[in-house]
Protein chains: 2
Amino acid sequence: MTVTIKDVAKRANVAPSTVSRVIADSPRISEKTKQRVREAMKELGYHPNFIARSLASQMTQVIGIVMPSSADQALQNPFFPEVIRGISKAAHEKRYALQMSIGEKENDIYERVVEMLQGRRVDGVILLYSRQNDKLMKYLLKHGFPFVVIGKPHQKAEQVTHVDNDNVQAGKDAANWLIARGHERIAFVGGNPQYLVTVDRQTGYAAALQEAGLPYRPEYVVHAEFLQEGGQEAMKELLSLPEPPTGLVVADDLMALGILKTLDEMGLGVPEDVSIVSFNNTLLAEMSRPPLTSVDIGIFQLGYEAAKSLIEKITNLNEPIKRIIIPHRLVERGSCARR
Amino acid sequence: MTVTIKDVAKRANVAPSTVSRVIADSPRISEKTKQRVREAMKELGYHPNFIARSLASQMTQVIGIVMPSSADQALQNPFFPEVIRGISKAAHEKRYALQMSIGEKENDIYERVVEMLQGRRVDGVILLYSRQNDKLMKYLLKHGFPFVVIGKPHQKAEQVTHVDNDNVQAGKDAANWLIARGHERIAFVGGNPQYLVTVDRQTGYAAALQEAGLPYRPEYVVHAEFLQEGGQEAMKELLSLPEPPTGLVVADDLMALGILKTLDEMGLGVPEDVSIVSFNNTLLAEMSRPPLTSVDIGIFQLGYEAAKSLIEKITNLNEPIKRIIIPHRLVERGSCARR
DNA sequence: TTGTATGCGTTATCAG
DNA sequence: CTGATAACGCATACAA
């Protein structure tokens with residue numbers, strides 16, 4: 001029924017191994033027989049069976065994508081489709097397929113990924129998150145499975161190839177943008193502090209304040225999970241302080257969207273009353289009112305480089321550990337005003 | 001190095017085939033030896049090799065997800081993560097893994113999916129789109145590959161298992177909502193008319209107008225690709241008509257977000273000047289200003305049922321063709337006012 | 001440059 | 001209830 005390498009071999013009057021070599025485009029086969037074999041393949045409608053190939057070669061040509069737990073609505077963040085586009089591009093260039101693992105709870109994810117790898121379904125994985133004390137990462141390191149992290153690993157960063165931004169600098173740039181426009185009361189609204197991006201950007205924010213001689217006020221730092229209960233309240237508190245901030249550095253565009261809403265409900269206008277700089281420069285930044293000044297972090301590239309690195313690692317196990325920093329740049333739109 | 005079924009067999013003093021049966025939990029193995037074998041598996045840290053299993057059993061336990069072409073920014077639509085969550089849930093329940101195919105151009109996608117299927121990497125696929133005259137769908141039908149469409153197939157709908165909403169009724173409901181609130185000039189803003197959702201919702205919209213005795217005005221129907229050039233202009237034209245609409249039925253939340261922006265630029269308020277009903281009821285509907293009255297179409301369920309149906313089809317090739325309709329319901333928020 | 005033989009880790013078909 | 005043994009479709013070391 002399904003046409004195999006043997007059928008092709010017969011048709012072309014060669015041995016199966018020859019056909020195999022033609023598929024691999026081995027240089028040790030004469031052009032003439034290559035032609036003949038290829039013709040036979042066409043005529044029979046041959047398609048190589050990846051499963052069989054994988055079993056024989058011990059390589060699947062599949063890479064696994066590990067998403068953060070879907071319990072939080074993180075998936076709704078436009079960040080993900082965009083990284084995946086980047087991953088997909090690089091993967092396709094090297095003829096790799098993509099397998100995906102989504103789980104509700106952290107432990108779900110762990111188990112599925114272990115199964116993926118131990119079951120030899122994938123050659124390696126890309127982690128689209130990086131959380132504190134990650135059981136999965138430890139497992140991967142221990143067993144020597146090829147993997148790459150997007151973001152900065154909490155532990156053992158020197159042992160883990162990762163693709164990241166200079167989030168400290170990015171946080172600094174964002175705050176400086178506001179400082180340069182005369183703002184002196186600048187708050188930081190971050191996401192889950194379990195994720196290192198948040199921490200890094202906050203660090204940069206704090207550094208910028210310090211360099212500018214502005215005081216760091218703890219009450220100006222809020223970690224609001226906007227999608228959860230309580231997020232709005234935290235924001236409202238912040239803006240109801242005796243000395244409310246005039247500028248906000250916000251962890252990402254999706255959060256900024258939520259904040260715009262909260263501000264609106266409080267009767268505060270952007271940028272007249274409050275200026276905002278956010279991160280990621282996704283579609284949302286363009287579509288929001290006002291459009292958001294946002295730090296572009298090269299999401300597509302993050303994915304692209306991660307996949308490229310992973311594939312290098314897979315094909316060459318001695319590939320050194322790498323840290324790749326994707327440049328960022330602030331994109332000005334309408335959410336910041338001079339003070 | 002890697003521990004196989006044979007190692008386990010030796011350890012447990014049984015034949016490899018017995019181990020295989022234990023893995024499959026065959027009833028023809030005594031509980032006693034099952035215990036023994038399972039112990040041996042634990043002790044050796046055995047993990048079954050899916051690739052080998054796939055080759056022998058001719059089943060991969062993997063389903064493919066086919067995304068629409070990423071050339072347009074469709075991927076940015078929160079619809080996708082949510083369907084995928086649904087798919088993932090059902091897949092995991094039946095212990096299936098997910099493989100993903102993203103391509104830039106339509107032809108890209110076609111080729112990758114053919115490769116996926118012919119290469120026996122997946123047992124079947126779910127199409128997350130349904131476009132006119134789809135080459136891929138024809139191919140799938142012709143070759144008898146198991147597949148399920150989310151949305152309504154343009155052609156041969158009777159031959160294709162699909163999971164859809166009653167989009168005509170949904171369109172009607174949306175329009176009626178506005179009509180019931182006294183609106184008489186209601187426009188329809190759809191996405192790409194190549195996609196049947198758009199057409200169906202428009203049909204429902206038109207039917208509602210007719211039933212209410214309102215005139216159908218062609219100039220009130222706009223297909224705006226917001227993310228492209230020209231989208232804004234089309235909207236502005238619509239709203240600059242001598243008799244501009246007071247109500248808008250908008251294809252989805254993401255588009256509605258863009259429209260809110262355009263309206264704002266034109267100095268029009270929602271819902272004071274223009275009322276909006278949109279579709280999908282994603283996170284964006286909650287986060288926008290004002291929050292959007294939106295028709296919830298059960299995105300998660302669409303994915304869940306699709307995956308379930310596909311798996312049924314894979315495991316039982318005689319499974320009949322099905323059409324599954326996921327119920328919708330309009331969720332009221334703040335974007336509609338009485339006239 | 002090409003062919004032969006063997007193995008990849010399982011499942012499945014026979015026996016027993 | 002359990003054990004040999006032959007596929008599954010391809011890659012590769014070794015021959016020729």
Side-chain angles (χ1 to χ4, degrees), chain A residues 1-38 40-41 44-62 95 115-123 315, chain B residues 1-38 40-41 44-62 95 115-123 315:
Chain A
M1 34 199 82
T2 70
V3 25
T4 79
I5 213 176
K6 289 185 185 170
D7 303 318
V8 177
K10 275 182 196 152
R11 186 87 147 110
N13 277 316
V14 295
S17 55
T18 302
V19 177
S20 175
R21 291 189 184 107
V22 172
I23 293 172
D25 199 22
S26 158
R28 327 187 312 184
I29 299 287
S30 76
E31 269 312 315
K32 218 170 63 184
T33 59
K34 273 189 188 174
Q35 289 307 330
R36 198 146 41 89
V37 170
R38 292 202 176 111
M41 299 198 308
L44 298 177
Y46 170 78
H47 288 267
N49 182 318
F50 282 102
I51 297 297
R53 170 183 298 189
S54 297
L55 186 58
S57 67
Q58 307 282 52
M59 295 246 103
T60 62
Q61 295 271 113
V62 179
R95 324 228 70 207
E115 209 185 66
M116 247 191 191
L117 287 161
Q118 298 282 16
R120 294 291 185 271
R121 291 224 227 221
V122 300
D123 293 333
T315 47
Chain B
M1 34 198 79
T2 70
V3 25
T4 80
I5 212 176
K6 289 184 185 169
D7 302 319
V8 177
K10 273 183 197 150
R11 185 87 146 109
N13 277 315
V14 294
S17 50
T18 301
V19 177
S20 175
R21 291 189 184 104
V22 173
I23 293 172
D25 200 20
S26 159
R28 327 186 311 184
I29 298 286
S30 74
E31 270 311 316
K32 217 170 64 184
T33 57
K34 273 188 187 174
Q35 289 308 330
R36 197 146 42 90
V37 171
R38 291 203 177 108
M41 298 198 307
L44 298 178
Y46 169 78
H47 288 266
N49 181 318
F50 283 101
I51 297 298
R53 170 183 298 189
S54 297
L55 185 58
S57 67
Q58 307 282 52
M59 295 248 102
T60 62
Q61 296 271 112
V62 179
R95 324 227 70 206
E115 208 185 68
M116 248 191 189
L117 287 161
Q118 298 282 14
R120 294 292 185 272
R121 290 223 228 221
V122 299
D123 294 332
T315 47

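Below, chains carry the letters A, B, ... as their sequence lines are ordered, and counting in each starts from 1. Keep in mind the model is a prediction, meaning the values are calculated, not measured.
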Under a 3.5 Å distance rule, please check whether [X] uses its side chain to pair with a backbone N or O of [Y] as donor and acceptor.
{"X": "R36(B)", "Y": "A12(B)", "result": "yes"}
{"X": "S57(B)", "Y": "R53(B)", "result": "yes"}
{"X": "D25(B)", "Y": "V22(B)", "result": "no"}
{"X": "K10(B)", "Y": "P16(B)", "result": "no"}

- Query: With a 4.0 Å cut-off on heavy atoms, is S17(A) in touch with a base, just the backbone sugar-phosphate, or nothing at all?
  - Reply: base

- Under 4.0 angstrom, heavy atoms only, what part of the nucleic acid is D7(B) near: base, sugar-phosphate, or nothing? nothing

- Message: Between R95(A) and E115(B), does any NZ, NE, NH1 or NH2 come within less than 4.0 Å of an OD or OE carboxylate oxygen?
- Response: yes

Check the distance between [N]'s [atom2] and [X]'s [atom1] and give it to me in whole angstrom.
{"X": "K6(A)", "N": "dA11(D)", "atom1": "NZ", "atom2": "P", "value": "13 Å"}
{"X": "I5(B)", "N": "dG3(D)", "atom1": "CD1", "atom2": "C1'", "value": "13 Å"}
{"X": "N13(A)", "N": "dT1(C)", "atom1": "CG", "atom2": "P", "value": "20 Å"}
{"X": "Q61(A)", "N": "dG9(D)", "atom1": "CD", "atom2": "P", "value": "20 Å"}

- Taken in chain and number order and not counting sequence neighbours, the residues that satisfy side-chain contact (heavy atoms from CB on, under 4.5 Å) with S20(A) are I5(A)

As an exercise, state the distance from [atom1] of [X] to [atom2] of [Y], rounded to the nearest 0.5 Å.
{"X": "R120(A)", "Y": "I51(B)", "atom1": "CZ", "atom2": "CD1", "result": "10.0 Å"}
{"X": "T315(B)", "Y": "Q61(B)", "atom1": "OG1", "atom2": "CD", "result": "9.0 Å"}
{"X": "T18(B)", "Y": "K34(B)", "atom1": "OG1", "atom2": "NZ", "result": "12.0 Å"}

- Examine the base of dA11(D) for any acceptor or donor lying under 3.5 Å from a partner atom in the side chain of S57(A), and report the outcome as yes or no.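 Such a pair does not exist between side chain and base.
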
- Between residues 19-35 of chain A and DNA chain C, which residues have a heavy-atom gap below 4.0 Å? R21(A), R28(A), I29(A), S30(A), T33(A)

- For residues 45-56 of chain B, which residues have at least one heavy atom under 4.0 Å from DNA chain C? Y46(B), H47(B), P48(B), N49(B), A52(B), R53(B), A56(B)

- So does Q58(B) get a side-chain nitrogen or oxygen closer than 4.0 Å to the phosphate oxygens (OP1/OP2) of dG9(D)? yes

